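Because the structure is predicted, anything quoted here is derived from the model rather than measured.
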Amino acid sequence: MTPAPPTLSPDLEAVIARATTAAPHLATTTATQRARALVAIADALETATPDLVHIALRETGLTQARLTGEVTRTAVQLRLFADTIVDGGYLDARIDPADPDFALGQRPDIRRTHIPLGPVINFSASNFPFAFSVMGGDSAAILAAGCPLIVKAHSSHPDLSDATAEVATRALTQAGMPEGTFQLIHGREAGVQVLQDPRIKAGSFTGSIRVGRILADIAANRPAPIPFFGELGSVNPIFITADAITERADEIATGYLASVAGSAGQLCTKPGFAFIPAGSALPQAITHNTTDVPEHRLLDPRIAKSYDERRTAVLGTAGANPLIPGGIRFDDDGQGWATPTIIAISLDDFRTGRDTLLEESFGPLSILVETPTGTDLAALMPEFYEGNLSGTLHISEAEATGETDNAPQLRALIAALANQVGRVLFNGWSTGVAVTPAQQHGGPWPATTNDSSTSVGTAAITRFQRPVAYQNAPQALLPEALQDTNPLGIPQHISPAGQSHHWGTRWH
């Protein structure tokens, strides 16, 4: 028998009760009302940027430029979601009018759209204290969908979480959103208790595979399981061709180093492995282009300790050659400060040490795997990897035409990547994730717990809605999104009568 949810403290009970009371009211707000609330939060965050960044500098150790840019990204995403919900395409409104001539007999009038799930808990991330934290992408998607939001603050930046929550709460109140639309809680146990509560209808998370799996299992093992969208671990392999290295070795080397070192490598999109031809000029170009990267503070002592252990294990693997040794030191407070480590290893030694090497190194470390001529690169993906957020190819100008001798091998590699990652990049770096409607930031396990969704881009909103069909409903009682008059002016997919008799005829 599944155990009952734990007894809640009075404070947690009040939080969930407020969210539950707010849910039906928030679900009936118009898209325009919610859009104005999202824009109000974006405006308020930008106004408060100096104060918020000041707190974030102290709690995270990230640079001022990085943090300021992250506030901008957060505001842009909120505004993008505002435009998206007013446009209404995310509702996927489908209308099949009654059809007496339907191929399978008379068809009733059927209309389908999406409605909010209800209260959702979002477990915020440590490495993006704005863009994946209190008012980050998941939170923006939850509010845009019309769901009450409970955020479990990350323990590595509690003061920033409180300050951001105050800014957002004021903006939502001034925008007229119902009480209980947004609330913040602290503590791992509190987050687990909220996730277990039957009034909570979905969960989201950005963090480690271990913790994400624990939370996903809790969501799945409830008496009534709920959707759980976790973004977890990723090593983001890169494949670099010999022609690309010949064409622009120095450019690739500097871009690779910058991508590995950025934010001290504490990014889910950091390139963890680069597969290169054995004997190429890239290792030499990397050492030649290495500059004195100043040491960067890691987010917190726990992450620093974990990175130190991973780095030691990788360096101790047979055949591992440190092109750039890098290092990590600890101050009196246990805080870690790191410089980049780049390691080269042969494909044979990589295979031998796979159990040690394949685990994600959350910090400024990456591995060059030198592959012999004739290696089937497409076969390396299923051999070494399950799922990843991204996979990258660096190719030459000639290879980009698709007319070189290795074009079949490149196409096979692209197909292999697409089977195991959410985003395939060409001649770029995975650490840049554009906030845009077509973005896909997700992938097969263990990159995410649910690879049918994304946590960046406008498609993220539909994670927190569910489809409902209305059959033979009177016009006056239909949701506005499905009414013939289309008062919302949103995209509607309307099936023409009699079409079913022609289905498939074009393929005869």
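For residues 431-441, no pair satisfies salt bridge (charged side-chain N to carboxylate O under 4.0 Å, His left out), with sequence neighbours left out. Residue pairs meeting the salt bridge (charged side-chain N to carboxylate O under 4.0 Å, His left out) criterion with at least one partner in residues 116-142, sequence neighbours excluded, are Asp138-Arg463. Within the structure, the side-chain hydrogen bond (donor to acceptor under 3.5 Å, both in side chains) test picks out the following pairs touching residues 473-487 (sequence neighbours left out): Arg111-Asp484, Gln475-Asp484.
A side-chain N or O of Gln183 and one of Arg18 form a donor-acceptor pair less than 3.5 Å apart. Under 3.5 Å, the side chains of Asp451 and Trp445 contain no donor-acceptor pair of N or O atoms. Judged by distance alone, the side chains of Asn236 and Ser430 never bring a donor and an acceptor atom under 3.5 Å apart. Judged purely by distance below 3.5 Å, without hydrogens or angles, the side chains of Ser161 and His154 never pair a donor atom with an acceptor atom. For Thr431 and Ser259, the side-chain atoms include at least one donor-acceptor pair closer than 3.5 Å. Ser9 and Asp11 form no side-chain donor-acceptor contact under 3.5 Å, judged by distance and modelled atom types alone.
Ser390 places none of its side-chain heavy atoms less than 4.5 Å from the side chain of His441. Proximity of Val468 to Arg112: side-chain heavy atoms (C-beta onward) are nowhere separated by under 4.5 Å. Between Asn127 and Leu299 the shortest side-chain heavy-atom distance falls below 4.5 Å. Put simply, the side chain of Leu232 reaches to within 4.5 Å of the side chain of Phe205, judged on heavy atoms. Looking only at side-chain heavy atoms (C-beta outward), Pro237 and Thr392 stay at 4.5 Å or farther from each other. Proximity of Met177 to Phe182: side-chain heavy atoms (C-beta onward) are nowhere separated by under 4.5 Å.
Note on Glu13 versus Arg199: salt bridge recorded, some NZ/NE/NH1/NH2 to OD/OE distance being below 4.0 Å. Ion pairing of Asp308 with Arg310 is absent here, as no side-chain N (NZ or NE/NH1/NH2) approaches a carboxylate O to less than 4.0 Å. Between Glu189 and Lys152 there is no salt bridge, since no side-chain nitrogen of the basic residue lies less than 4.0 Å from a carboxylate oxygen of the acidic one. A salt bridge does not link Asp331 to Arg297: none of the charged side-chain nitrogens sits closer than 4.0 Å to a carboxylate oxygen. Using a 4.0 Å cut-off between a side-chain N of Lys or Arg and a carboxylate O of Asp or Glu, Asp217 and Arg213 qualify as a salt bridge.
Atoms CZ and OG, from Arg94 and Ser495 in turn, are 9.0 Å apart once rounded to the nearest 0.5 Å. Rounding to the nearest 0.5 angstrom, the gap separating the CG atom in Leu149 from the CG atom in Leu184 is 9.0 Å. Interatomic distance, CD of Gln196 versus CD1 of Ile121, reported as 10.5 Å (0.5 Å rounding).
Within a 6.0 Å radius of NE2 in His186, other residues, nucleotides and ligands contribute more than 12 heavy atoms. Environment of CZ in Arg354: crowded, with over 12 heavy atoms of neighbouring residues, nucleotides or ligands closer than 6.0 Å.
Cation-pi check for Arg34 over Phe81 is not met; the charged atom does not lie both under 6.0 angstrom from the ring centroid and within 45 degrees of its normal. For the pair Arg66 and Phe130, the cation does not sit on the ring face, since its NZ or CZ is not both under 6.0 Å from the ring centre and inside 45° of the axis.
Between Leu160 and Ile55, the shortest heavy-atom distance links the atoms N-CG2, 3.6 Å.
Ring orientation note: the planes of Phe273 and Tyr385 are tilted relative to one another, at an angle of 30° to 60°. By the 30° and 60° cut-offs, the orientation of the rings of Phe229 relative to Phe464 is perpendicular.
No option in Leu425, Val424, Ile238 other than Val424 meets the side-chain contact (heavy atoms from CB on, under 4.5 Å) test with Leu393.
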